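Working notes, structure below.
Please read all numbers here as calculations on a predicted model, not as lab measurements. Chain A is the first sequence line, chain B the second, and so forth, proteins listed ahead of strands; every chain is numbered from 1.
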Amino acid sequence: MSEVIHAGHHDHHDHGPAKGLLRWLYTTNHKDIGTLYLWFSFAMFLIGGLMALVIRTELFQPGLQFVQPEFFNQMTTNHGLIMVFGAIMPAFVGLANWLIPMQVGAPDMALPRMNNLSFWILPFAFGIMISTLFMEGGGPNFGWTFYAPLSTTYAPDSVTFFIFAVHLMGASSIMGSINIIATILNMRAPGMTLMKMPMFVWTWLITAYLLIAVMPVLAGAVTMMLFDIHFGTSFFNAAGGGDPVMFQHIFWFFGHPEVYIMILPAFGIISHIIPAFARKQLFGYTSMVYAVASIAFLSFIVWAHHMFTVGMPLAGQLFFMYSTMLIAIPTGVKVFNWIATMWRGSMTFETPMLFAIAFVVLFTMGGFSGLMLAITPADYQYHDTYFVVAHFHYVLVPGALFSIIAAVYFWLPKWTGKMYDEALGKLHFWLSFIGVNVTFFPQHFSGLAGMPRRIPDYALQFADFNMLSSIGAFIFGFSQLFFLFVVIKAIRSGKPATARGWEGARGLEWTLPSPAPYHSFTHPPEVKAEEVHG
Amino acid sequence: MKNFIARLASGALLAVASGSALADELNMRVGVTEISRQVYELHMIILGICVVIGIIVFGALFWSVFNHRKSLGAEPANFHDDTRIEIAWTVIPTLILILMAIPATQVLVAMYDTGGEDMLVEVRGYQWKWQYKYLDGDYNDTYSFFSNLATPRDQITNQSVKTDNYLLEVDEPLRIPANRKVRFLVTAEDVIHAWWVPDFGIKRDAVPGMLNELWTVVPEPGVYRGQCTELCGKDHGFMPIVVEVLPEQEFDAWYASKVTSELVREESFAETLTHEQLMANGETVYGTYCASCHLVNGEGIPPAFPAIVGSAIASGPRDEHLSLVINGVAGTAMQAFGKQLDPVQLASVVHYQRHAFGNDAGDMSQPQDVMNLSNGQ
């Protein structure tokens with residue numbers, strides 16, 4: 001097993017990281033950059049979470065108590081933008097940086113300098129975006145979907161900074177994706193054929209193509225906004241012959257694949273964790289790969305299901321309803337395969353496994369509400385209510401976010417060479433699990449009862465569920481500070497981890513010592529059958 | 001919280017007792033129209049299918065979690081592929097989806113049957129109010145009015161007790177007759193809004209430059225409430241929709257009287273008003289149309305919403321002030337109120353702005369001045 005690898009002994013030119021803080025600025029090492037991405041996304045997660053708590057505090061009771069509507073709108077907008085572009089996406093890129101070279105048997109990423117640049121753009125992008133909150137007239141207040149003309153003719157002056165920030169984030173994502181594709185296609189160890197690749201690598205390969213396909217579409221949308229605002233064009237201005245609905249088509253042509261960009265790598269992570277703790281190989285590897293590819297393809301032809309109420313013709317409505325319903329099929333295949341993997345396994349329930357099982361259950365619930373939303377006539381009643389808020393938070397929080405947390409607990413021994421405290425990890429899980437459900441489950445009810453989303457104040461009939469939701473949000477929010485404590489405690493004083501890390505863990509990364517050496521595989525490893533699929 | 005638990009318990013009891021739908025707070029409303037009832041049934045079918053699938057899938061998952069544990073001595077099996085079962089769990093969901101799509105398509109086709117209406121109403125969204133226009137067969141505007149939030153400001157700021165229809169009440173509701181097919185043409189003046197009456201089962205975006213269609217037939221007279229459901233700026237949460245459905249004869253009588261009183265109102269534009277009349281009218285108009293941005297005390301929220309207190313416009317030439325209010329300021333949130341207010345209201349509100357909050361322009365604004373300015377353009 002691990003002693004097969006003699007990288008450290010062979011390579012006398014091997015050198016560790018540079019000294020001092022400048023190490024982090026100049027680094028081209030995939031592990032350093034992965035670490036930067038992960039800490040950055042955690043910082044953004046706390047800032048975005050703070051904004052969520054401002055929202056939930058205002059919504060604790062009917063009436064305006066803490067913030068004014070214009071600031072409330074800035075909070076909902078920035079919460080969404082920061083969580084999507086600042087927390088979830090960079091966290092997955094961080095995991096990709098750490099894991100892909102180790103999982104394919106490479107020394108580093110294919111394009112290390114670009115890797116450095118794609119990270120260091122992000123603090124500037126988010127610095128610009130968050131600074132708009134302190135500008136005269138306030139920051140973006142038009143929702144994370146920034147529908148024109150609210151985001152053009154009627155936007156605060158700071159919208160230009162927002163557009164520039166989105167351009168930077170897009171450039172960073174595209175560079176990151178190119179790097180991931182180049183690494184996966186060129187740097188695999190001999191014998192690591194495509195159909196032997198770990199699921200995390202597969203899901204990221206497909207995600208990277210999605211990013212390259214749609215980030216330029218987003219860049220196009222914000223550039224047209226820029227021209228409408230400053231150069232007198234009328235792309236989205238009906239008075240000048242433009243069309244506000246065209247903005248939504250362009251946005252969601254980006255936006256729907258974007259939704260899968262935030263969930264496909266999560267599928268990959270879960271497909272590592274469940275087999276490891278069931279001590280049984282992933283069921284249906286080939287169908288898992290095809291399911292991810294099908295979901296990626298379908299993501300390009302369902303965008304207008306976000307726009308069922310804009311007034312499309314009947315034929316268009318039917319097409320987007322049917323294509324959206326189709327997504328349930330490959331998604332169902334994934335869920336069934338995970339359960340078949342657990343079936344007749346020999347399971348233990350360490351923290352990563354708890355988060356993974358919660359992922360399967362709660363993500364599936366988000367999938368059910370997604371199927372309900374696909375039914376166009378019913379969607380008219382759900383659209384832009386809290387039912388939608390409940391739906392996408394179920395797929396993003398106990399979905400994407402839980403998978404990231406699970407990944408941190410799962411690979412932390414490999415990254416740091418230390419184990420976290422299992423009891424504290426489990427406590428973190430249960431606090432998060434209770435918090436997330438108390439927050440978001442009642443939102444299904446307030447949505448069905450008719451509460452619109454993005455409102456700072458609401459009618460009295462929604463009061464009970466909003467109060468409950470706010471209580472849940474505080475439980476969930478503060479339990480993530482506890483997560484920070486658990487991770488720092490592990491790094492500082494955790495027990496030493498073995499190379500294998502977990503009894504059932506399989507994959508090339510577990511053949512390296514813990515912590516993994518600075519340059520992962522300086523010699524191509526032998527790809528043994530027991531470490532890969534197929 | 002006690003209240004909440006009590007209601008949740010009563011909701012659960014109700015569901016058990018009646019064996020049917022849960023209380024209003026927990027589920028979609030059945031509504032009052034044929035369409036809303038069909039939508040509700042569709043919702044319940046899909047929800048039911050999801051619950052059944054959920055019980056089977058989660059049942060299998062938790063069976064495995066409780067039985068296939070290492071601590072119970074479970075040995076891992078060695079299977080990891082089965083083409084037959086993969087085909088089965090691809091084909092069965094496909095069949096279920098087809099079963100769902102059939103009723104969904106039927107309801108959607110019924111909803112798109114917009115023709116053959118008995119009357120036509122234009123619904124126009126503004127930041128942050130709705131305008132309703134009754135259109136006759138030739139699409140002429142016969143009677144139109146604005147429908148504004150009627151909840152007093154001090155309820156919103158928690159200085160007085162919130163009443164039952166908090167945030168769901170308007171100064172003048174849309175009135176439509178029962179049992180007649182009413183077609184709505186939905187559009188917007190500034191940004192995108194969305195017009196939704198849950199009890200009718202209809203929702204459509206109001207998009208500037210586009211006319212969207214909706215229709216309804218409401219069998220039961222009553223008052224039905226909804227809200228704007230597309231983020232439209234600061235007061236998105238404060239532009240409710242109230243539709244009062246009247247028995248047919250009652251509606252006809254009301255409508256005839258409205259058209260007559262419109263003619264009387266237009267005659268009043270020729271009158272000259274006193275300072276006191278203008279100030280009294282103006283304060284009302286200001287409270288409804290101006291105060292949400294420029295605030296009740298006229299201090300505004302600069303820079304987006306400038307102050308009126310000590311403003312150069314409120315002390316400058318009267319006609320420029322009138323023009324600004326009539327035509328709005330392009331590219332800003334300041335709307336063209338000439339389309340929304342009548343000459344008496346415009347003259348009054350400008351006079352009020354020029355003589356309230358410590359402003360003292362010392363001149364008079366009359367409805368006739370407004371008409372002269374509007375005609376001069």
Side-chain angles (χ1 to χ4, degrees), chain A residues 62-64 69-70 136-137 143 147 149-150 153-154 238 244-245 279-281 283-284 287 309-311 314 317-318 321-322 325 328-329 332-333 335-336 339 342-348 361 368 371-372 375-378 380-381 383-384 445 448-450 452 454-457 459-461 464, chain B residues 4 7 24-28 39 42-43 46 50 54 58 60-61 64 68-70 74-77 80-81 86 89-90 93-94 97 101 104-105 107-108 111-112 156-158 162 166-168 191-192 194 198 203-205 207-209 212 227 229-231 233-237 303-304 331 333:
Chain A
L64 294 176
E70 54 271 29
E136 205 173 87
Y147 283 1
L150 189 62
T153 317
Y154 296 86
V245 175
R279 294 168 180 76
K280 185 161 158 281
Q281 211 177 329
F283 188 86
S287 71
T309 63
V310 295
L314 179 61
Q317 302 276 62
L318 288 174
M321 174 168 79
Y322 299 149
M325 291 171 80
I329 298 167
V333 167
V335 173
F336 301 144
I339 294 172
M342 290 161 65
W343 194 260
R344 292 184 52 211
S346 171
M347 277 187 275
T348 52
V361 175
F368 286 142
L371 184 59
M372 295 171 76
I375 308 296
T376 314
Y380 293 145
Q381 294 287 55
H383 180 84
D384 267 345
F445 299 132
L448 289 174
R454 293 166 166 167
I455 55 173
D457 192 7
L460 301 178
Q461 77 221 55
D464 298 337
Chain B
F4 167 75
R7 278 201 234 178
D24 268 3
E25 277 184 44
L26 292 172
N27 200 357
M28 184 189 281
V39 169
L42 189 60
H43 159 77
I46 312 291
C50 288
F58 299 149
L61 186 146
S64 185
H68 306 146
R69 296 171 164 250
K70 195 184 178 192
E75 286 293 320
H80 57 82
D81 241 337
E86 296 282 356
W89 64 41
T90 310
T94 311
L97 288 176
T105 307
V107 178
L108 191 62
M111 288 175 134
Y112 265 71
I156 297 172
T157 54
N158 312 302
K162 296 175 175 55
Y166 177 70
L167 297 187
L168 297 176
V191 300
I192 302 174
K203 179 191 287 160
R204 199 60 99 231
D205 288 359
V207 184
N212 279 328
Q227 285 179 271
T229 41
E230 180 61 64
L231 177 63
K234 185 168 79 66
D235 284 352
H236 163 54

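At a 4.5 Å heavy-atom cutoff, the contact between B:L97 and chain A is made by backbone and side-chain atoms alike. Within the 4.5 angstrom heavy-atom criterion, only side-chain atoms of B:N158, from C-beta onward, approach chain A. For B:A60, the parts lying under 4.5 angstrom from a heavy atom of chain A are both the backbone and the side chain. For chain B, the nearby part of A:Y154 is the side chain; its heavy atoms alone come within less than 4.5 Å. Of the two parts of A:Y380, the backbone and the side chain both hold a non-hydrogen atom closer than 4.5 Å to a non-hydrogen atom of chain B. Contacts of B:L168 with chain A are made by side-chain atoms alone, with heavy-atom separations under 4.5 Å and no backbone atom involved. Heavy atoms of A:Y147 lying under 4.5 Å from chain B belong exclusively to its side chain. Both the backbone and the side chain of B:D205 come within contact range of chain A, judged by heavy atoms closer than 4.5 Å.
The distance from the OG1 atom of A:T309 to the CD1 atom of B:I192 is 9.5 Å, given to the nearest 0.5 Å.
With a 4.5 Å cut-off on side-chain heavy atoms, B:L167 and B:I156 count as touching. Using a 4.5 Å heavy-atom cutoff, the side chains of A:R279 and A:T348 are in contact.
Chain A forms the most heavy-atom pairs under 4.5 Å with one residue out of B:L42, B:V207, B:D81, and that residue is B:D81. Contact tally against chain A (heavy-atom pairs below 4.5 Å) for B:S64, B:A104, B:P208: the top residue is B:S64. Here A:D457 is the residue among A:T376, A:I329, A:L371, A:D457 with the most heavy-atom pairs under 4.5 Å with chain B. Of all the listed residues (A:I375, A:I455, A:V310), the one sharing the greatest number of non-hydrogen pairs under 4.5 Å with chain B is A:V310. The most heavy-atom pairs under 4.5 Å with chain B, out of A:A459, A:P452, A:P456, come from A:P452.
Annotation for B:A74 and A:S346: closest pair O-OG, 2.8 Å, computed over non-hydrogen atoms.
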Inset, instruction - Carefully, step by step, assess A:V361 and B:F58 under the rule side chain to side chain contact (heavy atoms under 4.5 Å, CB included). - result: CA-CA 7 Å; A:V361 175; B:F58 299 149; 4.0 Å; yes

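By the salt bridge (charged side-chain N to carboxylate O under 4.0 Å, His left out) test, B:K162 pairs with no residue at all, sequence neighbours left out. A search for side-chain hydrogen bond (donor to acceptor under 3.5 Å, both in side chains) contacts involving B:T229 returns nothing, not counting sequence neighbours.
Remark: of the listed residues A:V335, A:I339, A:V333, A:V333 is the sole one forming a side-chain contact (heavy atoms from CB on, under 4.5 Å) with B:W89.
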